[in-house]
Each structure stands twice: as structure tokens, then as C-alpha cells.
Amino acid sequence: MSLVKLSIKGISYSQTQNGAYALILNEVDGERKLPIVIGAFEAQSIAIALEKEIKPPRPLTHDLFKNFAERFDIVVKQVIIHKLVDGVFYSSIICERDKIEEIIDARTSDAIALALRFNAPIFTYKNILDKAGIYLKANPLETDSDSQEIDDILSNPETFGTETDNDQLGRTYMKHSLEELNDLLQQAVEHEDYEKAAKIRDEISKRD
């Protein structure tokens with residue numbers, strides 16, 4: 001079975017499952033998307049790895065794993081999403097130490113959080129993408145319900161909380177000066193409130 005390389009499109013709050021987030025993976029050499037539902041903690045960890053500007057004052061669990069691995073010269077070479085059973089994705093982390101390769105079973109969300117920290121590529125098998133991948137049609141009039149749902153997810157990448165909550169926060173931060181926003185960002189990071197930090201960062205980026 002041939003492997004297909006994936007990239008991360010973004011993370012969005014799932015409107016269909018309360019407290020869950022949708023991680024959207026892109027087919028690198030194609031147009032299909034692979035949506036994976038993940039938990040809030042894993043979504044936060046992946047988002048922080050994507051957001052280079054946000055540095056937690058203390059290492060998160062996946063950061064701790066990376067520090068531990070590096071101390072013992074263990075390198076994550078790649079992540080493979082190798083199985084899909086009853087809507088659940090199964091993944092393997094391919095590691096190497098002293099030129100000896102090991103394969104470790106992992107939840108897909110954990111595997112991707114680690115892949116980001118090690119700059120390791122993410123792959124899946126073609127048959128999994130054929131089964132679970134969604135092709136977004138170019139003509140919006142031809143878009144079916146599944147594609148429309150993913151379109152809605154992709155329209156707000158790396159979003160936390162409900163749409164209403166985000167709108168209210170956005171209006172609140174618009175009232176602050178750039179200096180005040182930078183202070184608020186620092187406070188949010190220090191208190192490990194990364195959802196708030198991401199929203200403040202977005203407002204700062206708009207002004208830059």
C-alpha cells in the first residue's frame with residue numbers, strides 16, 4: 001500500500017460534538033481533506049506547536065515527551081495513520097535511536113502533536129484517504145452535505161470555543177491598544193490560558 005503525505009490545514013471547534021475539535025489534514029499532492037475529531041487538550045497542544053509565537057511557561061505533556069526523548073537521543077522520524085476502524089484512526093510513531101528503528105502505537109492526536117515538535121512528516125495509506133478523505137468540489141452548487149460541513153470547519157481554522165464566544169472576545173479586544181494587547185497576551189500565556197492567547201494574537205496580527 002502506498003503512503004500519502006499529509007499537512008495540517010487547521011483546527012476548528014466541532015459544531016457536531018460538544019467539547020470536541022476537528023483537526024483537518026491536507027493531502028499534500030492532492031485536494032482531499034482528512035478530518036479527525038480530537039479532544040480539547042490535544043487540540044490545544046497541536047495549536048501551540050503551530051503557533052510559534054506562543055511559548056508556554058512550563059512544558060506541556062507533549063513538550064515533556066520531546067525533552068525526554070531528546071535527552072536519550074530518541075528522534076521521531078515520521079508518523080503514519082495506518083488504520084481506520086469504526087471512525088477511529090490508529091497511528092504509529094516511527095522512532096530511531098542509535099540507528100535502530102522502533103514503532104510505537106499512539107493515538108492520532110498525540111502522534112501529530114509529537115510530529116509537529118520533531119518536524120516529522122505525517123503520512124497515511126492511500127486506502128484510508130480513499131475511504132475517509134473528502135474532496136471539496138470546485139463548483140459550490142455541486143457540494144454535498146459532507147463537503148459543506150468540512151467547508152464550514154475550514155472557514156475558521158485554529159478556532160477555539162463557540163462562534164458566539166469568539167465574536168464577543170474579538171469585539172472586546174478591538175477596544176484595546178496594541179500595547180495593552182501585548183500585555184494581555186503575556187498575561188494569558190503566563191496563566192496558561194492558550195485559548196485567550198490565540199485570540200489576542202489574532203487581533204495583534206490584524207493590526208500588524
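Counting begins at 1 with the first residue of the sequence.
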Hydrophobic cluster (4.5 angstrom, side-chain heavy atoms) - remaining members for I74: F68, F72
All salt bridge (charged side-chain N to carboxylate O under 4.0 Å, His left out) counterparts of D130, not counting sequence neighbours: R32, K126
Of all pairs that satisfy side chain to side chain donor-acceptor pair (under 3.5 Å), the ones with a partner from residues 109-121, not counting sequence neighbours: S45-R117, H62-D110, D63-R117, R107-D110
Residue pairs, two or more places apart or on separate chains, that pass side chain to side chain donor-acceptor pair (under 3.5 Å) and touch residues 78-88: H82-S92
Y90: ring-ring contact (aromatic ring centres under 6.0 Å, His included) partners, not counting sequence neighbours: none
Closest heavy-atom contact between [X] and [Y]?
{"X": "D105", "Y": "S91", "result": "OD1-O, 3.2 Å"}
{"X": "L34", "Y": "G133", "result": "CD1-N, 3.9 Å"}
{"X": "I24", "Y": "P35", "result": "CD1-CB, 3.8 Å"}

Interatomic distance, [X] atom [atom1] to [Y] atom [atom2] [nearest 0.5 angstrom]:
{"X": "K33", "Y": "I134", "atom1": "NZ", "atom2": "CD1", "result": "10.5 Å"}
{"X": "Y125", "Y": "L3", "atom1": "OH", "atom2": "CG", "result": "5.0 Å"}
{"X": "D29", "Y": "S7", "atom1": "CG", "atom2": "OG", "result": "9.5 Å"}
{"X": "E179", "Y": "L184", "atom1": "CD", "atom2": "CG", "result": "11.0 Å"}
{"X": "L25", "Y": "I8", "atom1": "CG", "atom2": "CD1", "result": "6.0 Å"}
{"X": "L114", "Y": "C95", "atom1": "CG", "atom2": "SG", "result": "8.5 Å"}

Please identify each residue that fulfils side-chain contact (heavy atoms from CB on, under 4.5 Å) with [X], with sequence neighbours left out.
{"X": "E101", "result": "I94"}
{"X": "A115", "result": "V79, A120, I122"}
{"X": "E180", "result": "H176, S177"}
{"X": "L64", "result": "none"}

For D98, side-chain hydrogen bond (donor to acceptor under 3.5 Å, both in side chains) partners two or more places apart: none
E70: partners by side-chain hydrogen bond (donor to acceptor under 3.5 Å, both in side chains), with sequence neighbours left out: K66
Is any side-chain heavy atom of [Y] closer than 4.5 Å to one of [X]?
{"X": "L6", "Y": "I81", "answer": "yes"}
{"X": "I38", "Y": "I112", "answer": "no"}
{"X": "I46", "Y": "Y21", "answer": "no"}

ILVMFWY cluster, I36 and L50 together (side-chain gap under 4.5 Å): yes
side-chain contact (heavy atoms from CB on, under 4.5 Å) assessment of F89 paired with T124: CA-CA 10 Å; F89 293 90; T124 192; 5.9 Å; no
